[in-house]
Amino acid sequence: MASSSTKTIQDLTQRDYKYGFVTDIEAETVPRGLNEDIIRAISEKKGEPEFMLEWRLKAYRNWLTMKEPTWANVHYPPIDYQNIIYYSAPKVKKQVGSLDEVDPELLKTYEKLGIPLGEQQRLAGVAVDAVFDSVSVATTFKEKLKELGIIFCSFSEAVLEHPDLVRQYLGSVVPYNDNFFAALNSAVFSDGSFAYIPKGVRCPMELSTYFRINAADTGQFERTLIVADEGAYVSYLEGCTAPMRDTNQLHAAVVELVALKNATVKYSTVQNWYPGDKQGKGGIFNFVTKRGKCLGENSKITWTQVETGSAITWKYPSCILQGDNSIGEFYSVAVANNYQQADTGTKMIHIGRNTRSTIISKGISAGHGQNTYRGMVKILKGARGARNYSQCDSLLMSSTCGAHTFPYIEVKNSTARLEHEASTSKIGEDQLFYCRQRGIKPEDAVNMIVSGFCKEVFRELPMEFAVEAQKLLGVSLEGSVG
Amino acid sequence: MLQIRNLHARAGDKEILRGIDLDLKAGEVHAIMGPNGSGKSTLANVLAGRESVEVTKGQVLYLGRDLLAMPPEERAWEGLFLAFQYPVEIPGVSTLYLLKAGLNAIRKHRGLPEVDAIEFLALIKEKMKLVDIDQSFLSRAVNEGFSGGEKKRNEVLQMAVLDPKLAILDETDSGLDIDALRVVANGVNGLRSKERSMLVITHYQRLLNYVVPDRVHVLYNGRIVRSGDKDLALALEKKGYAWIEQEARGMAAGAPPSA
């Protein structure tokens with residue numbers, strides 16, 4: 001009798017990864033390994049202008065001099081960067097103009113994932129730039145956005161169609177030599193999304209991208225750049241699932257956000273990549289550099305993330321608060337179950353006057369998972385009246401998991417005000433029993449308790465995304481009380 | 001309704017219940033009294049199915065079924081309700097949400113359609129009158145930042161909404177001032193019916209001035225050492241538990257346990 005709740009919990013946490021399947025599509029790839037020829041080949045395949053190739057090569061040469069970072073609280077076997085295929089694209093005969101021309105296999109995959117690509121998404125009001133492996137295959141709603149002067153397209157297309165914008169902003173937030181993984185990405189990035197919202201335009205719909213890693217052993221190097229011009233507003237959604245794989249897959253994406261005067265950018269992520277099996281075998285290595293710059297005064301950038309997947313997550317969506325009165329926000333739920341390791345957090349760099357930042361981090365650890373919050377709040381000399389509020393809560397669901405918090409604070413202006421709150425709690429048998437006594441099944445009860453714990457973050461997500469995130473959380477760890 | 005036979009239970013290494021026998025019929029209200037550590041709360045927890053308490057011997061029949069074989073949620077579906085002595089806090093989960101989920105799980109089990117948000121709100125507002133609770137209460141997280149009195153009222157409110165057949169009230173009167181006690185007692189009395197049985201666990205007699213029991217049992221050292229009508233509670237109040245202790249010691253020396 002005493003073990004029945006433990007058993008349910010085990011059943012639930014050992015549920016198989018729901019999205020593990022491989023789509024059978026002929027992929028066009030470059031040979032394994034990395035050298036200048038490979039980079040030239042990638043650039044050529046994409047028909048890029050010279051400046052792009054130069055930038056890639058600069059990044060590559062820099063990368064060669066850099067060392068993989070070891071400061072994160074994660075452990076993994078060495079990555080052989082010469083054993084990775086750096087480019088893979090589904091073979092398409094010609095340019096895709098409409099959904100009818102898209103490989104039906106691809107569409108089936110999306111269906112399995114429940115991505116409403118096609119007519120349904122028109123109803124849902126979501127424009128999806130779907131990245132399948134490395135090349136965008138379908139972009140919808142483009143016309144409607146075009147009317148407003150909004151550019152939302154694949155990165156490759158932006159390089160060709162809007163080279164001036166790309167040139168102006170690419171690397172302006174995350175330079176090509178920023179860190180080891182960002183440099184690697186800058187050298188080999190295959191595709192990603194680009195959005196530009198012109199002056200004074202409020203983007204009427206959530207822009208959304210679904211990433212999906214498919215071809216075996218293909219590193220994914222996405223590059224996303226979002227620019228909100230003066231007074232513009234945009235909310236961007238990023239959601240991911242990946243098929244089941246036995247070998248580790250590297251993912252090193254870069255996301256750059258730029259908000260000019262009075263502009264607002266909201267960037268929301270639900271990340272559900274393959275976390276590896278119950279023994280910790282396989283799974284995605286997610287080494288991502290995400291950063292936003294509040295360039296103009298009164299600008300605002302909000303990062304909201306729900307990280308449930310990946311074997312290893314190394315990710316610090318940050319804000320550079322350069323404009324006076326600018327605002328940075330970071331809302332995060334990170335889950336580490338089984339043998340997952342998450343080292344995630346944010347950096348808030350206050351440069352301008354009266355800049356404000358808020359950090360709400362909810363870490364959930366279950367099984368043997370290790371969850372680390374690493375955050376930095378930096379107030380520079382000129383940031384008069386800067387304010388920060390940080391709250392880091394950890395929820396433990398087993399006696400074998402771990403939660404760690406590393407907050408760094410650096411203040412160079414005496415008028416700054418900072419608050420930091422932290423808590424660690426264990427899902428209690430008491431809470432679980434209370435819910436069950438009210439007639440709620442243990443799996444639903446844990447769902448409820450965890451959702452309650454994450455509420456402050458979920459309410460920052462767009463509605464439909466919040467529902468998805470909540471479900472995902474349920475699948476990833478319902479009832480991991482041990 | 002409820003038949004308890006020779007029930008033994010322990011928490012950890014400690015044997016706490018040492019042979020409880022009890023019969024509770026439909027519509028009856030029984031009070032369980034006893035000094036601290038006599039096993040009152042353990043009995044409540046065993047009946048509700050808390051897993052940290054292990055039943056080592058005995059049987060409990062509830063509506064003719066083996067209660068101990070059911071997981072806690074199934075007991076709830078079958079109409080058993082426990083008003084907790086120390087209701088837990090569940091941050092971020094509103095009382096409204098918890099209760100609606102509970103009620104619908106119970107209704108689903110009974111083959112009834114689920115109530116939607118609007119119906120539920122109407123229902124709960126009706127029940128709130130019973131315990132004199134402010135409406136802001138519903139959107140607050142379960143028991144978070146509630147005063148002792150609010151927590152207990154919340155328990156009675158939940159009982160009213162879930163409409164149980166057997167309600168176990170575990171020291172619902174403890175920590176209440178006289179006004180709050182009256183509110184809680186009125187709520188409980190409002191829920192008395194021919195179909196509903198109640199097991200009222202209390203340390204003090206004062207609750208029983210308001211909620212008048214059909215039977216009173218005195219629990220001491222894991223056994224029911226004395227049963228009687230409401231006057232037993234009054235006698236106990238007058239003489240104190242020392243009286244029972246003495247008597248129980250005498251009993252234990254004279255007659256070995258029948259099991």
Side-chain angles (χ1 to χ4, degrees), chain A residues 1-9 11-12 331 333 360 362 364 391 393-395 421 423-461 466-467 469-470 473-474 478-479 481-482, chain B residues 9-12 44-56 68-84 86-95 97-110 141-144 155 158-159 161-162 164 168 170:
Chain A
M1 187 164 157
S3 69
S4 96
S5 88
T6 324
K7 194 178 169 301
T8 333
I9 284 145
D11 290 349
L12 289 165
Y331 301 97
V333 169
I360 309 277
K362 304 280 182 175
I364 302 168
Q391 184 189 330
D393 298 324
S394 304
L395 187 67
E421 287 179 21
S423 78
T424 303
S425 55
K426 193 165 188 280
I427 256 203
E429 196 236 357
D430 285 355
Q431 287 175 330
L432 203 55
F433 179 61
Y434 191 83
C435 294
R436 292 178 76 181
Q437 210 304 303
R438 298 303 182 245
I440 299 161
K441 287 183 190 166
E443 58 267 33
D444 296 336
V446 170
N447 235 345
M448 193 181 276
I449 295 164
V450 170
S451 294
F453 174 74
C454 300
K455 198 179 182 185
E456 290 149 292
V457 175
F458 283 165
R459 71 170 171 221
E460 294 297 325
L461 288 171
V467 172
Q470 210 152 331
L473 212 60
E478 279 166 329
V481 187
Chain B
R10 66 173 179 209
N45 283 324
V46 165
L47 294 176
R50 193 188 277 270
E51 284 159 354
S52 56
V53 185
E54 191 191 349
V55 174
T56 49
L68 301 179
M70 297 185 225
E73 59 276 17
E74 196 181 335
R75 300 179 196 200
W77 301 339
E78 293 293 344
L80 185 148
F81 180 90
L82 171 64
F84 284 77
Y86 304 109
V88 294
E89 298 184 359
I90 309 179
V93 178
S94 72
T95 303
Y97 188 74
L98 174 92
L99 261 188
K100 181 163 166 276
L103 180 65
N104 278 332
I106 291 169
R107 289 179 65 91
K108 197 175 160 199
H109 180 75
R110 294 178 186 168
V142 178
N143 295 320
E144 200 179 35
E155 293 297 294
Q158 295 186 39
M159 175 163 91
V161 170
L162 298 180
I168 302 159
D170 189 4

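Chain naming here is simple, since letters A, B, ... match the order of the sequence lines and numbering starts at 1 in each.
- The distance between the ring centers of A/Phe433 and B/Phe84 falls below 6.0 angstrom.
- Looking at B/Leu99, there are no atoms closer than 4.5 Å to chain A (heavy atoms on both sides), in backbone or side chain.
- Among the candidates B/Ala69, B/Ser94, B/Ala76, the residue making the largest number of heavy-atom pairs closer than 4.5 Å to chain A is B/Ala76.
- Contacts between B/Pro164 and chain A at a heavy-atom distance below 4.5 Å are absent for every atom of the residue.
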**Request:** Check the pair B/Glu73, A/Arg436 against salt bridge (charged side-chain N to carboxylate O under 4.0 Å, His left out), reporting the backbone distance first and the verdict last.
**Result:** CA-CA 5 Å; B/Glu73 59 276 17; A/Arg436 292 178 76 181; 2.7 Å; yes

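- Comparing A/Arg438, A/Lys455, A/Met448 by how many heavy-atom pairs each has under 4.5 Å with chain B, the most go to A/Arg438.
- For the salt bridge (charged side-chain N to carboxylate O under 4.0 Å, His left out) test, no residue two or more places apart in sequence or in another chain qualifies with B/Glu144.
- Residue pairs that meet the ring-ring contact (aromatic ring centres under 6.0 Å, His included) test with at least one member in residues 437-459 of chain A, sequence neighbours left out, do not exist here.
- Of the two parts of B/Tyr86, neither the backbone nor the side chain holds a non-hydrogen atom closer than 4.5 Å to a non-hydrogen atom of chain A.
- One distance of note links NZ of B/Lys100 with CD1 of A/Ile440; it measures 11.0 Å at 0.5 Å rounding.
- A side-chain donor-acceptor contact under 3.5 Å links A/Gln437 to the backbone of B/Leu82.
- Using modelled atom types, one side-chain atom of A/Gln431 and one backbone atom of B/Glu89 make a donor-acceptor pair closer than 3.5 Å.
- In this structure the side chain of B/Ile90 reaches within 4.5 angstrom of the side chain of A/Cys435, judged on heavy atoms.
- Per-residue heavy-atom pair counts under 4.5 Å with chain A were compared for B/Ile106, B/Val142, B/Val88, and the maximum is reached by B/Val88.
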**Message:** With side chain to side chain contact (heavy atoms under 4.5 Å, CB included) as the criterion, how do B/Leu98 and A/Tyr434 come out once you've worked through the C-alpha distance, each side chain's angles and the decisive distance to 0.1 Å?
**Reply:** CA-CA 10 Å; B/Leu98 174 92; A/Tyr434 191 83; 3.9 Å; yes

